[in-house]
Amino acid sequence: ILSMFKTVVLLITFISGKGVINLAHRRSKWTPLMQTSANLSDITSIRSFFEFRTLDPEGAVFYGDTKEGQDWFVLSLRDGIPEMQIGKADILVSVKGGRKLNDGAWHLLEVRSEGKFVVLEVNNNVELIVGLHSKLAEDELTGKIRLALGGMLVDKQKLFHPFEPEMDACIRGGHWLNLSTPWDADSTWEPLPCFSEIKKGSYFPGTGVAMFNTSDLPGLKTEEAGITVEIFGSWTGTTLSLQSTGFEYVLRELEGNKDVKEVQLGLKEGSESVAPPYEHATLTFTILKHSLVVNSKPELETESLDFFSMWKNGMLLTFGGMPGKFYSSILEEAKNTHYLRGCLEKILIQGQVIDLDWALYKHTAVSSHSCPTEAMNELT
């Protein structure tokens, strides 16, 4: 029994709910970053408040439930606007409203219960009130209350209005009901700091990649125009790579050359390079039926490959590095020694903005919606 207890302790990391918490870096979409619980008989305050900052338009923020998830509540963002969903007995409620919170500024949020109503305050102003009543609900609650950050403890199928749960945000100064007990997190979670100042973009710290299956991305409109990937920002290292059976393509800056950014194209039979600008860049990568084009210059031409068909059937498009053997197993960690480092302010495919939260796989160190404002100075 003692050895079993020690094993359980090793699998759990205890964290203060009052410190700075980065919600972005978790390994599972719906599993909360951390959670805590308490006996309802110990609860003397029915309000929680915390400071919150994000540039992310959508994701899970704060969750609570009783009766082992039979009655539950979740606060999330949709289009940057707060949304509260509540499940209680036979009722599901979803209400969205108030000011946009994804402006990169710190906001004081308070969630409290007032009888049959749940109230959300932002910066001491009431922004959202949700009321509900069920004749099937019990008047007195017993058992435990559970709280969670950055995810949910009930199945996503219970949601009245589904949303994308991943949230690139930071929380600080949290007071959760009247609880002072530490929060539990999986021992594999590695706490990362929050940037002091942020701007819009996707930040790659020199570790990790974001991978997409091209069959899930915008496809061909006309053969003449091809498929265009546009990247705006400032970075060094591997920009992107394409991989399919028997084919690899790598677009990267070679190490040791700080004057120019070079593009290296990799096929089994060899490579070649060109030199687009190193400073803040706009890179246009165009896929034609039998060729690949970088900044209007053809870089690879082959009649033996039909890139349109390969894109439609599914290649692996990776931003920030080379996937190695990841293509054969989604569970295997990406392998790379030339990771991208910097801020991709915008990624467009066929003119459509690409959200890294849609990725087939994204390393926990990569921030989908925020870059540190000082990152560009670090690159020089």
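Since we're looking at a predicted model, the values are computed, not measured.
- Residues Asp168 and Ser370 have side chains that bring a donor and an acceptor to within less than 3.5 angstrom of each other.
- At a cut-off of 3.5 Å, with distance as the only test, no side-chain donor of Asn39 or Ser41 sits close to an acceptor on the other residue.
- When side chains are defined from C-beta on, Asp357 counts as touching His369, because their heavy atoms get closer than 4.5 Å.
- Ring-plane geometry between Phe247 and Tyr249 is classed as parallel, the angle between the planes falling under 30 degrees on a 0 to 90 degree scale with a further cut at 60.
- Note on Phe49: it does not cluster hydrophobically with Leu128, by side-chain heavy-atom contacts below 4.5 Å among ILVMFWY residues.
- Put simply, the side chain of Phe52 does not reach to within 4.5 Å of the side chain of Leu75, judged on heavy atoms.
- Residue His107 forms a side-chain contact (heavy atoms from CB on, under 4.5 Å) with just one option from Thr54, Asn102, Asn123, and that option is Asn123.
- With salt bridges taken as basic N to acidic carboxylate O contacts below 4.0 Å, none links Glu230 and Lys346.
- Between Phe195 and Thr373 there is no side-chain heavy-atom pair separated by less than 4.5 Å.
- Minimum heavy-atom separation, Ala359 to Ala210: CB-CB, 4.5 Å.
- Between atom CZ of residue Phe212 and atom CG of residue Leu240 there is a gap of 11.5 Å, rounded to the nearest 0.5 Å.
- Taking a cutoff of 4.0 Å between a charged side-chain nitrogen and a carboxylate oxygen, Arg112 and Glu114 qualify as a salt bridge.
- Side-chain N or O atoms of Asp71 include none that pairs as donor or acceptor with a backbone N or O of Asp65 at under 3.5 Å.
- One finds the CG atom of Asp355 at 6.5 Å from the CG atom of Asp56 (value rounded to the nearest 0.5 Å).
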